[in-house]
Amino acid sequence: MKKAGGAEKKRVRRSSGAIQNGGRDSNSDTPPRKQAIQKDVFQLFAEKVRDHKDLVSRWAVLQETRVEYFRGKDFVRFLRNHPELKDILESDRNLEAEDIADVLLRKNLLVRCDRVVKTLRPGKKKLSTWPAHLEIFPDQVFSENDAFFAWTFVKRRPLWQTLLSFFWPVVTLAICLFPVYPHRCKLLILYSCLGVLLLFLSLLVLRGAIFGALYIILGKRVWFFPNILAEEATLRELFRFWPKKDEEERPKWTTRVFYAAVGVLVILLLRHHAPDEAARARYQKRVSNIIDDVLEWSPRLALSGMMENLQPVANATEASNATEEGVTPPDGMGAETITEQHEAKVSENLENSDENLDNSEENLDNSGEQKHDI
């Protein structure tokens, strides 16, 4: 009876525990760890805004770190044109742009910055629209008036960048194996690289010529592809075609005349000291020989040349070892080299003896002439 009563008590306890577990709310269906891992809506909003193409942004240096930043007025205009992005904020979707930016600042998703150079440079009418160097602003409050805001979180890497990071070692290995490529592949790579290099140099020369002509004639500074030589620029900014707006003062006519005279003088000097046809032919031949050596090199030729150089050395060493030990070398292993060396020494001795006889005869003739003269 006691055992039966104890079993009934255990069943009652289990049933009561099941009822308590079943009485939980629907939110307890998800494990607590997954609830903790769930991202903040403002984090998702910041990532979505940063990846959007319509928000104008630039890159700058903030405390020796490259950061992506935007202007306050551009952020307000962006949210005004794209109100659907506020739906990510759920209950906070009715907040204004200023309030959203303040929340992002409090959550350390943004940091307000200020330009390092606050004075006008000589010859400029106003400060740069997008400064290249920033510093942290002491008052971390949103503002539209000449305020800059930098993203503090790491941007998600797209898939193509991840794949490219895996392909870089393969590309490096392929570059190192260039000498063993077939001849046609070498020619294809060579002409492709020369074409890209020629295109880049031609672009720089044409760009400089257009700038010089417009500067001297119209007094305007126009640089097409303005970021082509920039050290810190994204791929989209690097190949930007249209020039930036000229914010500097127009140069004086005396300065333009001076630079025109300098340009003409440089052109005349280059034309006077240009190499002639013979020098160009020599240089072309030298360069073509170097390129031919690189293109015609192959592992088979290299190994065959090495084997040909090693064979006489090996034969000579084997023959010398055999003679020192008093053992005659077998046929084909060093006998031929020993006989050839002996014949060479004999021929050298005969030539030396002939030369000595000729010298003695000349001395006798000279002494006979001297006696006759006496």
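Every value quoted in this text rests on a predicted model; they were computed, and no experiment measured them.
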Check Leu55 against Asp74 and note the closest heavy-atom contact, atom names and distance. CD1-O, 4.0 Å
Is it the case that over 12 heavy atoms from other parts of the model lie below 6.0 angstrom from the NZ atom of Lys155? yes
Looking at side-chain heavy atoms only, is the closest gap between Asp92 and Asp99 below 4.5 Å? no
I'd like to check Glu144 versus Glu98 (side-chain heavy atoms, cut-off strictly below 4.5 Å). Are they in contact? yes
Non-hydrogen atoms of Ala60 and Pro131 that approach each other most closely: CB-O, 3.7 Å
Between Trp59 and Tyr69, is the ring centroid distance below 6.0 Å? no
Answer whether the closest heavy-atom distance between the side chains of Arg112 and Phe142 falls below 4.5 Å. no
Within 45° of the six-membered ring axis of Phe153 and under 6.0 Å from that ring's centre, is NZ or CZ of Arg50 located there? yes
How close do Phe149 and Gly72 get, counting heavy atoms only, and between which atoms? CE1-CA, 3.8 Å
Taking the side chain as everything from C-beta on, heavy atoms only, tell me whether Thr129 gets closer than 4.5 Å to Arg71. yes
Are Lys220 and Tyr215 side-chain neighbours, meaning at least one heavy-atom pair lies under 4.5 Å? no
Which atom names give the shortest non-hydrogen contact between Leu134 and Leu62, and what distance separates them? O-CD1, 3.4 Å
Is there a chain of hydrophobic side chains (I, L, V, M, F, W, Y, each step under 4.5 Å between heavy atoms) that links Leu44 to Leu110? yes
Any side-chain heavy-atom pair from His133 and Val117 closer than 4.5 angstrom? no
Quick check for you: to the nearest 0.5 Å, what is the distance between Leu177 atom CG and Cys185 atom SG? 12.0 Å
Using a strict 4.0 Å threshold on nitrogen-to-oxygen distance, state whether Glu84 and Lys48 make a salt bridge. no
Closest non-hydrogen contact found for Leu104 with Phe42 is CD2-O, 3.9 Å
In a table with atom names and distances, give each donor-acceptor pair under 3.5 Å that connects a side chain of residues 256-271 to protein atoms at least two apart or in another chain.
from	atom 1	to	atom 2	distance (Å)
Arg256	NE	Ile216	O	3.1
Arg256	NH2	Ile216	O	3.2
Arg256	NH2	Ile217	O	2.8

Counting only heavy atoms from other residues, nucleotides and ligands, does the tally under 6.0 Å from NZ of Lys285 exceed 12? no
I'd like to know if the side chain of Ser57 reaches the main chain of Phe70, judged simply by a donor and an acceptor atom lying under 3.5 Å from each other, with no hydrogens or angles considered. no
Test: Asp146 and Arg115 ion pair at under 4.0 Å: yes
Using a 4.5 Å cut-off on heavy atoms from C-beta on, say whether the side chain of Leu85 contacts that of Phe78. yes
Does a side-chain heavy-atom distance below 4.5 Å link Asp54 with Asn81? no
